[in-house]
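Both counts, for ligands and for their atoms, begin at 1 and track the order of listing. Since we're looking at a predicted model, the values are computed, not measured.
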Amino acid sequence: MKNIAIFASGTGSNATKIVAHLKNHASIKVALIISNKATAPVLQMAATNNIPTLLLHRQDFYNTENLLTNLAEYKIDFIALAGFLWLIPPYLVQAFENKIANIHPALLPKYGGKGMYGMNVHKAVHANKEKESGITIHFVNEHYDEGNIIFQASCPIDPQDDPSIIQKQVLVLEHQYFPTIIESLLLM
Ligand code: GAR
């Protein structure tokens, strides 16, 4: 069995799709859900699915390596960042080299980097009158959104699409592809 930890800070719609896709999987299990927000809806979703959770504190995350002990306890082989906005510290990148995948709501290398998350991305794409946007699934290194790209998918943008419409279209692609890409990375 390969064990995954999902890191999520937001509504957790991607985390929910990953959990649903891997439910009763023969060889992959979502063994832990980690959030940095006590009120994140993703923690309720975890409880509903009987998945253990861990709440991250900034001081611990950046100034200690205690998290590695937690990840070892749950025998975590792979980490999926599904709407997790803190920069991954070097000790974690090194312990999980090419074993952390992030989903980003744009076609990297455009619209990446610090501050480029969630709606900020879609507003920038809209302001620049882009004709397409999409998703990037990439391995995580010490820099925001710079790790090697695993997969991209795009969607066209109509001139009348506002940022919230772009967000919805991109989210459809996220839900469509992130769970299966994670599965294929783990079956490799
Ligand atoms: C997703 O759109 C994801 O791509 C984005 O946060 C959203 C989380 O949604 N991540 C980033 O912007 C990372 N830079 P969710 O909580 O509904 O899965």
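Considering only non-hydrogen protein atoms, atom 6 (O) of ligand 1 sits nearest to Gly83 CA, 3.7 Å. The protein non-hydrogen atom at the shortest distance from atom 11 (C) of ligand 1 is Pro105 CD, 3.6 Å. Ranking the protein heavy atoms by distance from atom 9 (O) of ligand 1 puts Asn14 ND2, 4.0 Å first. The closest protein non-hydrogen atom to atom 10 (N) of ligand 1 is Ile103 O, 3.7 Å. For atom 14 (N) of ligand 1, the nearest protein heavy atom (residue, atom name, distance) is His104 ND1, 3.4 Å.
Shown in contact with Met116 at under 4.0 Å from a heavy atom are these atoms of ligand 1, numbered in order with element: 14 (N). If you number the atoms of ligand 1 from 1 as listed, the ones under 4.0 Å from a heavy atom of Gly10 come out as 16 (O). Within ligand 1, counting atoms from 1 as listed, the ones closer than 4.0 Å to a heavy atom of Thr11 are 15 (P), 16 (O), 17 (O).
Remark: ligand 1 and Glu174 share an N or O pair separated by less than 3.5 Å (distance only, no angle test).
Salt-bridge check for Lys110 with Glu130: passed, with a basic side-chain N closer than 4.0 Å to an acidic carboxylate O.
Sparse packing is recorded around OH of Tyr117, with 12 or fewer heavy atoms of other residues, nucleotides or ligands lying under 6.0 Å away.
At least one heavy atom of Gly12 sits closer than 4.0 Å to an atom of ligand 1.
Linking Ile, Leu, Val, Met, Phe, Trp and Tyr whenever their side-chain heavy atoms come within less than 4.5 Å puts Ile166 and Val121 in one cluster. Linking ILVMFWY side-chain heavy atoms closer than 4.5 Å, directly or via other members, places Leu108 and Ile157 in two distinct hydrophobic clusters.
The aromatic rings of Tyr177 and Phe151 are tilted relative to each other, their planes meeting at an angle between 30° and 60°. Using bins of under 30°, 30° to 60° and over 60° for the plane-to-plane angle, the ring pair Phe7/Phe61 lands in the tilted bin.
Looking at Pro41, Ser13, Ala40, Gly118, it is Ser13 that brings a heavy atom closest to atom 17 (O) of ligand 1.
Side-chain contact, Glu146 with Asn141: no donor N or O sits under 3.5 Å from an acceptor N or O.
Heavy atoms only, all atoms of each residue included: Pro89 and Tyr62 are closest at CB-CD2, 4.1 Å.
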